[in-house]
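Not measured: the values here are computed from a predicted model. Order of the sequence lines sets the chain letters (A, B, ...), proteins ahead of strands, with each chain counted from 1.
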Protein chains: 2
Amino acid sequence: MSLTEENYLKALIYLSFLAPGIKEKKDVGTNELASYLKLKSSTVNEMLKRLKEKNLIHHEKYKKISLTNSGERTGLKIVRKHRLWETFLFTKLGFDWIEIHEVAEQLEHIKSEKLVEKIDMLLGYPNYDPHGDPIPDKCGKIPQRICKNLSTVERGKNCVVLAVRNTSRDFLNYLEDLNISIKTEIAIVGKIAFDNSIKIKIKNKQHSISNKVADNLLVDDSFN
Amino acid sequence: MSLTEENYLKALIYLSFLAPGIKEKKDVGTNELASYLKLKSSTVNEMLKRLKEKNLIHHEKYKKISLTNSGERTGLKIVRKHRLWETFLFTKLGFDWIEIHEVAEQLEHIKSEKLVEKIDMLLGYPNYDPHGDPIPDKCGKIPQRICKNLSTVERGKNCVVLAVRNTSRDFLNYLEDLNISIKTEIAIVGKIAFDNSIKIKIKNKQHSISNKVADNLLVDDSFN
DNA sequence: TATAATAGTTAGTATTACCTAACAATATAA
DNA sequence: TTATATTGTTAGGTAATACTAACTATTATA
């Protein structure tokens, strides 16, 4: 399996169910994939033929793309490697947040089953990477998030939005204003005892939200 | 710089002065390089053109190849990365001796100045890799070996042959029988108090050598 | 439902890194 | 010193991965 093929599979995994905001698996269009990979759709089209021949994807002319079981398994292995390397760079080498992705993009293609497992061991078999994204296990199983209300997360901790409890138009509009959606990372800056409102930080911008709002956001803070 | 170009430079470094038994820099032939890289000489020839254009090697038609300063610096960076990764795999992840090379062959091509330096730091700035080979520093400087007589190396330690003190035909023939040459790795298995002879292991084969022989072998055991 | 916009495919081209086969230069040895 | 062996080069070809341009199918809308 070439580095390029691996990147296609990873992209398909991402676009079909791993990207922020996706609730259930969806098929992927050729152009969608091309623009994500910053390639031309003709280039992608050729690769699709090869991936189909190798039984890694389902694809019929002019139809959307989906991963086969084999393709998904292979792709999840790359995601696993990527996230383990990110964790390694962050926790063992003191890289920061912004730098880890680019280097992990390279490291994820190193071919050595043993290396991945040893790094996993060295890190203490983490379930989440430094961004709070779940790390698939050896078999490709993605750890279940531990779900709690944003209002219960401690000051100073970070969390990731898993779901919203209220789907009213007003609430969703408000979330959009705050730039909050599924998988958004939120840092808890402080809590106001007076009215139980919470100071949060999203993409380096600080906001204040009421307890009612916090109570309607389900998050995971288990990677702290 | 492509992975392939990096491998050519590394090979040239190796063949021109890093390989066991080479005492001073020598120029390299096209076929020599080709057979080392397990490629056809026509393939190598094309690459030589490119490396020359990039000012990484000196090469005139039908003449031998040598590295430019720039080529040597670049190549030594790859050697540095290779040996640091080998050390990492061995000392931090418990890989054994035989496995480390293959994985380091991949890891050495990861592009991140910071990563190399962090790994170097994590390892405590080692001077030698698990094989006893010197690790070039950031600037490409190769640490000087610490030279001592084989007879002074402690039981249980490993060392690498640096030079021979006696160049008589008889002595050299004897060394050849024992499979000892420059850069040969020797493990000290035991010492016989009776006659000061030494039990050694070379490539998993055990031998016994007299004190007189040991006294004529200059080695480095500083990587233990 | 005709047409425009979007999405997907095909054809032909370039580059990298390999190959084989044929040939040219240099070195060695009878 | 000429014949032979070795070494190095050139020409032409292939597979992988990208591209542009032109085409076709599908979808959305007026």
Side-chain angles (χ1 to χ4, degrees), chain A residues 1-12 14-16 19 22 26-68 71 74-75 78 105-106 108-111, chain B residues 1-12 14-16 19 22 26-68 71 74-75 78 105-106 108-111:
Chain A
M1 163 121 328
S2 78
L3 181 147
T4 317
E5 288 169 339
E6 290 189 347
N7 282 334
Y8 275 82
L9 289 183
K10 200 175 48 130
L12 284 168
Y14 187 78
L15 295 173
S16 66
I22 300 181
K26 69 175 190 68
D27 292 354
V28 178
T30 307
N31 284 325
E32 189 186 359
L33 181 55
S35 79
Y36 178 74
L37 290 169
K38 298 194 175 81
L39 296 171
K40 301 298 161 181
S41 41
S42 55
T43 305
V44 167
N45 222 264
E46 266 177 40
M47 180 57 91
L48 292 181
K49 269 179 214 155
R50 192 131 47 85
L51 294 175
K52 196 192 166 183
E53 260 168 32
K54 292 192 172 187
N55 196 34
L56 294 163
I57 59 165
H58 300 293
H59 186 229
E60 300 306 324
K61 253 193 188 179
Y62 293 106
K63 294 278 157 59
K64 301 229 158 173
I65 310 147
S66 65
L67 287 156
T68 62
T74 313
I78 319 290
E105 284 286 298
Q106 299 177 62
E108 74 193 7
H109 299 292
I110 303 292
K111 276 164 196 32
Chain B
M1 164 122 327
S2 80
L3 180 147
T4 316
E5 288 169 340
E6 291 188 347
N7 281 334
Y8 275 83
L9 290 183
K10 199 174 50 132
L12 284 169
Y14 187 78
L15 294 173
S16 66
I22 300 180
K26 68 174 191 66
D27 292 354
V28 179
T30 307
N31 283 327
E32 190 187 0
L33 181 55
S35 80
Y36 178 76
L37 290 169
K38 299 194 176 84
L39 297 172
K40 301 298 159 180
S41 41
S42 54
T43 305
V44 167
N45 223 264
E46 266 179 39
M47 180 58 90
L48 293 181
K49 268 179 215 153
R50 201 151 90 235
L51 294 175
K52 197 191 166 184
E53 260 169 30
K54 292 193 173 187
N55 196 36
L56 294 163
I57 59 166
H58 300 293
H59 185 229
E60 299 307 325
K61 254 193 189 182
Y62 293 105
K63 295 277 156 60
K64 301 230 159 172
I65 310 147
S66 65
L67 287 157
T68 61
T74 313
I78 319 289
E105 284 286 296
Q106 299 177 61
E108 73 193 8
H109 299 292
I110 302 291
K111 275 161 196 35

Q) To the nearest Å, how far apart are A:Leu39 CG and D:dA18 P? A) 5 Å
Q.
So A:Thr4, base contact, sugar-phosphate only, or nothing? Heavy-atom distance under 4.0 Å.
A. sugar-phosphate
Q. Has the side chain of B:Lys111 got a donor or acceptor atom that lies under 3.5 Å from a matching backbone atom of B:His109?
A. yes
Q: Report the nucleotide, chosen from C:dG8, D:dG12, D:dT10, that has the shortest atom-to-atom distance to any side-chain atom of A:Asn31.
A: C:dG8
Q) Between the base of C:dT20 and the side chain of B:Ser42, is there a donor-acceptor distance below 3.5 Å? A) yes
Q: Take the protein atom CG of B:Asp27 and the nucleotide atom P of D:dT7, then report the distance between them rounded to whole Å.
A: 16 Å
Q) Just wondering, more than 12 heavy atoms not from A:Lys63 lying within 6.0 Å of its NZ? A) no
Q: Describe the nucleic acid contact of B:Thr43 in one word from base, sugar-phosphate, nothing, applying a heavy-atom distance below 4.0 Å.
A: base
Q. Do A:Glu60 and A:Lys52 have side chains that get closer than 4.5 Å, going by heavy atoms?
A. yes
Q. How long is the line joining CG of A:Leu48 and P of D:dA18, in whole Å?
A. 12 Å
(Q) At less than 4.0 Å, is any side-chain N or O atom of B:Asn45 found next to OP1 or OP2 of D:dG8? Yes or no. (A) no
Q: Could you check how far CD1 of B:Ile57 sits from C1' of D:dG8, rounded to whole Å?
A: 13 Å
Q) Does A:Thr30 use its side chain to pair, donor to acceptor, with the backbone of A:Ser41 at less than 3.5 Å? A) no
(Q) If you assign each of A:Tyr8 and A:Lys61 to its closest nucleotide in DNA chain D, which residue comes earlier from the 5' end? (A) A:Tyr8
**Q.** Rounded interatomic separation in angstrom, taking NZ from A:Lys64 and P from D:dT26
**A.** 14 Å
Q.
Using whole Å, what does the distance between atom C1' of nucleotide D:dT9 and atom NZ of B:Lys63 come to?
A. 14 Å
Q: For B:Glu32 and for A:Ser41, locate the closest nucleotide of DNA chain D by heavy-atom distance; then report the residue assigned to the nucleotide nearer the 5' terminus.
A: B:Glu32
**Q.** Euclidean distance, atom CG of residue B:Leu37 to atom P of C:dT16 [Å, nearest integer]
**A.** 19 Å
Q.
Do A:Met1 and A:Leu9 make a side-chain contact, defined as non-hydrogen atoms from C-beta onward lying under 4.5 Å apart?
A. yes
Q) Atom CD of A:Glu5 and atom P of D:dA15: how far apart are they, to the nearest Å? A) 15 Å
